[in-house]
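The basis for the numbers below is simple: all heavy atoms, side chains too, and nothing from hydrogens, waters or symmetry mates.
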Amino acid sequence: MPGLKADCARCFGLCCVALPFARSADFAVAKDAGEPCCNLLADFRCGVHGKLRELGFPGCTAFDCFGAGQKVSQETFGGRDWRQGGAREMFAVFPVMRGLHELLWYLTEALGMPPARPVHGELRRAVERVELLTRGTPDEVVAVDVARLREELNPLLLRSSELARGPGGANLRGADLAGQPLPSAGELRGACLRGARLIGADLRGADLRTADLTGADLRGADLRGADLRGALFLTQAQVDAAVGDAATRLPDALGRPRHWG
């Protein structure tokens, strides 16, 4: 869906200012919400974009605003950047808009699944509803309870997943599989891995076709040789956070991260 892919050239560096981050394996430094990142340039570009991983900022490479940055910058605030006034208001709108755009991305993905046709009508109505919320005034956007909306629409997304996966897949929803033995590579096809913790997991050669990876934590997961074609609700950010190689097969819509070589 147009508008659900980040266009940093049309954004005022909102993810680099509005959001906080703690010093960790993902970020080399800490900063508070509303504080510009030390690497943010005057033209809102990142001064170390080509070396983020080498300099200790892999969390930046795996972040996706789903197009919320340019929506807030160019539409909600009409092209006025946060240095021209209203910074606090803009920084409050951005995370809410990101939540709405992320939800729109999942709903749109479900609409693209032919086996989920029985619920396509409900999905279209949900898309229209969420889109309308994204077009609100700053005050209207901030007032949206994204967590409640996500909880309300999640059963629809889960039903879409069930229809697309079919029967028989392993149910590993919410499982903590970091450092734990995993099912054999072939047993993961069509599995439900929604919200699973797969940090550093050995998924080499795994068949993850039609597996539901909604919200699965793939940081450092070894996807070398894995087959993710047709994986459900797999985001670019999840792929960027993982480890892969030339033999890793990805959905056509996702790009191969540069750090995979």
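The minimum heavy-atom distance between A18 and F91, with the atom names listed, is CB-CD2, 3.7 Å. For the pair L234 and W105, the tightest heavy-atom approach, listed with the atom from each and the gap, is O-CH2, 3.4 Å. W82 approaches L40 most closely through the heavy-atom pair CZ2-CD2, 4.1 Å. Here the closest heavy-atom approach between residue A33 and residue P20 is recorded as N-CB, 3.5 Å. Scanning both residues, L177 and A201, for their nearest heavy atoms gives O-CB, 4.4 Å. When all heavy atoms of D240 and P257 are compared, the closest pair comes out as OD1-CG, 3.3 Å.
Shown here are the salt bridge (charged side-chain N to carboxylate O under 4.0 Å, His left out) partners of D176, two or more places apart in sequence or in another chain: R197. Contacts of L133 classified as side chain to side chain contact (heavy atoms under 4.5 Å, CB included), with partners at least two apart in sequence or in another chain: L100, V144, L149. Applying the ring-ring contact (aromatic ring centres under 6.0 Å, His included) criterion to F77, with sequence neighbours excluded, gives no partner residue. Shown here are the side chain to side chain donor-acceptor pair (under 3.5 Å) partners of E75, two or more places apart in sequence or in another chain: there are none. Partners of R150 by salt bridge (charged side-chain N to carboxylate O under 4.0 Å, His left out), not counting sequence neighbours: none found. For R229, the side chain to side chain donor-acceptor pair (under 3.5 Å) partners at least two apart in sequence or on another chain are D227. For F94, the ring-ring contact (aromatic ring centres under 6.0 Å, His included) criterion is met by no residue, not counting sequence neighbours. Under the salt bridge (charged side-chain N to carboxylate O under 4.0 Å, His left out) criterion, R135 pairs with no residue, sequence neighbours left out.
Using modelled atom types, one side-chain atom of Q84 and one backbone atom of D81 make a donor-acceptor pair closer than 3.5 Å. Within the 3.5 Å criterion, the main-chain N or O of L104 finds a donor-acceptor partner in the side chain of T108. In this structure, T210 contributes its side chain and R165 its backbone to no donor-acceptor pair below 3.5 Å. Listed for the Q238 side chain is a donor-acceptor partner under 3.5 Å among the backbone atoms of A216.
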Which side-chain N or O atoms in residues 111-121 pair as donor and acceptor under 3.5 Å with protein atoms at least two apart or in another chain?
| unit_1 | atom_1 | unit_2 | atom_2 | d |
| --- | --- | --- | --- | --- |
| H120 | NE2 | L111 | O | 3.3 |
| H120 | NE2 | M113 | O | 3.1 |

Solution key, residues 61-69 side-chain donor-acceptor pairs under 3.5 Å, sequence neighbours excluded:
| unit_1 | atom_1 | unit_2 | atom_2 | d |
| --- | --- | --- | --- | --- |
| T61 | OG1 | R53 | NH2 | 3.4 |
| T61 | OG1 | P58 | O | 2.7 |
| D64 | OD1 | F66 | N | 2.8 |

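Annotation: side chain of L132 is not in contact with side chain of E128 (no heavy-atom distance under 4.5 Å). Side chains of L193 and L208 form a contact here, defined as non-hydrogen atoms less than 4.5 Å apart. Looking at heavy atoms from C-beta onward, V146 lies in side-chain contact with V96 at the 4.5 angstrom threshold. Counting only heavy atoms from C-beta outward, the side chains of R204 and L223 never approach each other to under 4.5 Å.
The side chain to side chain contact (heavy atoms under 4.5 Å, CB included) test with V72 is passed by exactly one of R98, H101, M97: M97. The only option from L156, L232, T214, L123 that meets the side chain to side chain contact (heavy atoms under 4.5 Å, CB included) definition with Y106 turns out to be T214.
Within 6.0 Å of atom CD in E54, more than 12 heavy atoms from other residues, nucleotides or ligands are found, so the atom counts as buried in its surroundings. By the neighbour-count criterion of 12 heavy atoms within 6.0 Å, atom NE2 of H259 is densely surrounded, having more than that number from other residues, nucleotides or ligands. Under a cut-off of 6.0 angstrom, the local environment of CZ in R83 is crowded, with over 12 non-hydrogen atoms contributed by other residues, nucleotides or ligands.
Residue L41 shares its hydrophobic cluster (ILVMFWY side chains chained together at separations under 4.5 Å) with no other residue. L52 shares a hydrophobic cluster with F21, F27, V29, V48, L55, F57; the chain of contacts runs through ILVMFWY side chains whose heavy atoms sit under 4.5 Å apart.
Ion pairing between a basic and an acidic side chain is recognised when a charged N comes within 4.0 Å of a carboxylate O; E152 and R148 show no such pairing. Using a cutoff of 4.0 Å between basic side-chain nitrogens and carboxylate oxygens, R173 and D212 are not scored as salt-bridged.
For the residue pair N154/R194, the side-chain donor-acceptor check at 3.5 Å is satisfied. Of the N and O atoms on the side chains of T134 and K71, at least one donor lies less than 3.5 Å from an acceptor on the other residue. Looking only at atom types and distance, the side chain of T137 has no donor-acceptor partner in the side chain of D139 under 3.5 Å away.
Put simply, CG on L19 and CD on E35 are 12.5 Å apart, with the number rounded to the nearest 0.5 Å.
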